[in-house]
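So the structure is just underneath, and the comments pick up after that.
No hydrogens, no waters, no symmetry mates; every other heavy atom, side chains included, goes into these values. Atoms within each ligand, like the ligands themselves, are counted from 1 in listed order.
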Amino acid sequence: MEIPKHVAVIMDGNGRWATERKLSRIEGHKEGIKTVKKIIQAAIKNNIQYLTLYAFSSENWNRPEDEVIGLMQLLNSFLKFEEKTLLKNKVRLKTIGRIYELPKNTYQAIESLKSKTEQFDGLTLTVALNYSSQNEIVDAVKAMIDQSQKGTLDIENISYKEIAQNLDTKDLPDPDLIIRTSGEYRLSNFLLLQSAYSEIYISTIYWPDFNQSHFEKAISHYRKRERRFGTIMNKSTLKNLEPNS
Ligand code: FPP
């Protein structure tokens with residue numbers, strides 16, 4: 001099979017990595033940032049078009065205050081120090097999640113970097129921040145009710161396409177491959193609708209120890225899988241049956 005167009009990652013295990021080393025959890029997240037940089041480079045090298053990283057879920061606000069503050073600081077320094085790398089590599093930054101609820105300085109730094117990179121055609125890096133798939137669906141439903149009241153959406157004729165167009169991911173293809181590190185078998189409120197036909201790869205490696213070769217191993221596992229999208233045929237067979245091929 002071809003390489004995945006869109007790889008999404010649930011970066012898990014920073015806390016356990018730190019605890020096992022008698023370090024603070026935030027030290028684990030700091031190390032996790034190093035992995036983020038490595039995996040962005042690995043995605044570029046492997047010609048991945050879309051990389052989506054689950055950095056902060058809406059439920060993560062319930063963590064101890066110092067950890068939440070630490071994560072925001074790490075995010076701010078990532079935006080500040082990675083700007084050059086993103087611009088140099090023509091990486092287009094996007095976000096999913098209710099980012100307007102983030103601290104004002106973080107929100108503004110994100111918006112500024114998003115607009116500086118929006119014309120780029122290299123890797124599209126989407127960071128899920130204050131993201132919850134269930135909240136994303138709630139927001140889409142509200143937006144659609146609003147459109148219907150304004151007369152721009154005909155409720156009678158809604159299909160999944162209209163729902164997808166109202167999700168934060170409207171400009172992204174669905175993920176082909178979802179990688180979760182640290183050996184947990186859960187989606188944790190991440191891209192619940194968009195993952196309908198995603199292949200899922202679980203790595204037992206904690207995120208701070210995850211590297212390019214683990215990433216490439218996940219891709220090569222994906223390439224050996226057969227995706228049938230609910231049919232008994234794979235996608236290339238289906239393509240060959242399309243009228244114009
Ligand atoms: C999961 O580990 C990780 C997170 C909740 C945060 C991930 C964030 C980063 C790697 C840094 C910010 C990212 C970017 C893109 C700038 P955990 O704390 O849940 O680990 P545990 O399950 O072992 O406790």
Side-chain angles (χ1 to χ4, degrees), residues 7-44 48 50-86 89 91-99 102-103 105-114 117 123-133 168 172 175 178-191 202-212 214-215:
V7 180
V9 189
I10 303 174
M11 310 181 286
D12 195 13
N14 294 349
R16 276 163 287 162
W17 182 93
T19 308
E20 284 179 14
R21 286 162 182 77
K22 301 199 173 9
L23 297 169
S24 68
R25 293 180 55 85
I26 208 68
E27 289 300 323
H29 297 312
K30 267 190 198 156
E31 214 52 38
I33 290 274
K34 293 185 191 164
T35 306
V36 167
K37 296 178 190 170
K38 282 184 212 160
I39 297 309
I40 293 173
Q41 292 305 323
I44 295 171
I48 302 300
Y50 295 87
L51 177 70
T52 297
L53 302 175
Y54 200 6
F56 193 86
S57 77
S58 301
E59 290 75 29
N60 287 156
W61 294 112
N62 300 323
R63 293 191 175 201
E65 199 186 349
D66 60 340
E67 186 173 344
V68 173
I69 293 172
L71 274 167
M72 290 303 146
Q73 285 168 346
L74 282 175
L75 180 61
N76 286 341
S77 63
F78 173 85
L79 294 164
K80 191 166 160 199
F81 295 109
E82 279 312 283
E83 172 165 341
K84 254 195 211 147
T85 318
L86 300 188
N89 290 291
V91 173
R92 180 165 54 149
L93 181 72
K94 283 184 176 287
T95 56
I96 53 173
R98 295 174 175 170
I99 61 158
L102 294 174
N105 60 334
T106 312
Y107 172 70
Q108 286 170 341
I110 295 169
E111 285 298 301
S112 149
L113 198 47
K114 274 162 70 174
T117 63
L123 171 75
T124 297
L125 170 67
T126 304
V127 186
L129 287 165
N130 192 18
Y131 178 79
S132 139
S133 201
D168 293 0
L172 306 174
I178 296 183
I179 300 173
R180 180 166 191 149
T181 59
S182 91
E184 304 285 350
Y185 286 74
R186 280 192 296 279
L187 281 174
S188 300
N189 211 354
F190 185 52
L191 302 177
I202 308 291
S203 165
T204 54
I205 308 289
Y206 290 153
W207 179 249
D209 290 328
F210 196 75
N211 60 28
Q212 180 176 331
H214 298 121
F215 183 75

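His214 places a side-chain heavy atom less than 4.5 Å from the side chain of Asn211. You'll find the side chain of Thr95 stays beyond 4.5 Å of the side chain of Tyr131, heavy atoms only. The shortest side-chain heavy-atom distance between Ser57 and Asn189 does not fall under the 4.5 Å cut-off. Within the 4.5 Å cutoff, the side chain of Ile96 has heavy atoms near those of the Leu191 side chain.
Considering every non-hydrogen atom in both Leu75 and Ile110, the closest pair reads CD2-CD1, 4.5 Å. Taking both residues in full, the closest heavy atoms of Ile179 and Phe210 are given as CG2-CZ, 4.0 Å, listed atom of the first, atom of the second, then distance.
Contact annotation: Glu184 has no heavy atom less than 4.0 Å from any atom of ligand 1. Not a single heavy atom of Leu74 sits closer than 4.0 Å to an atom of ligand 1.
By the criterion of a heavy-atom distance under 4.0 Å, the side chain of Asn60, and not its backbone, is placed next to ligand 1.
The protein atom (non-hydrogen) at minimum distance from atom 12 (C) of ligand 1 is Ile33 CD1, 3.7 Å. Scanning all protein heavy atoms for the shortest distance to atom 4 (C) of ligand 1 gives His29 CE1, 3.9 Å. For atom 3 (C) of ligand 1, the closest heavy atom belonging to the protein is Met11 O, 3.1 Å. In terms of protein heavy atoms, atom 20 (O) of ligand 1 is closest to Gly15 N, 3.0 Å. In terms of protein heavy-atom proximity, atom 6 (C) of ligand 1 is nearest to Ala55 O, 3.3 Å.
For the residue pair Thr181/Asp12, the side-chain donor-acceptor check at 3.5 Å is not satisfied.
The heavy atom nearest to atom 2 (O) of ligand 1, out of those in Thr181, Asn14, Leu129, is found in Asn14. With distances taken over non-hydrogen atoms, the option nearest atom 19 (O) of ligand 1 out of Arg63, Glu20, Arg25 is Arg63. For atom 15 (C) of ligand 1, the candidate residues are Asp12, Val36, Ile40; the nearest heavy-atom contact is made by Val36.
Under the 3.5 Å distance criterion, the side-chain polar atoms of Trp207 are matched with a main-chain donor or acceptor of Gly32.
The shortest N or O to N or O distance between Leu71 and ligand 1 is not under 3.5 Å. For ligand 1, one of its N or O atoms has an N or O atom of Arg16 under 3.5 Å away.
A salt bridge links Arg16 and Glu184; the closest N-O separation between the charged side-chain nitrogens and carboxylate oxygens is under 4.0 Å.
Each of the following atoms of ligand 1 lies closer than 4.0 Å to a heavy atom of Leu75: 16 (C).
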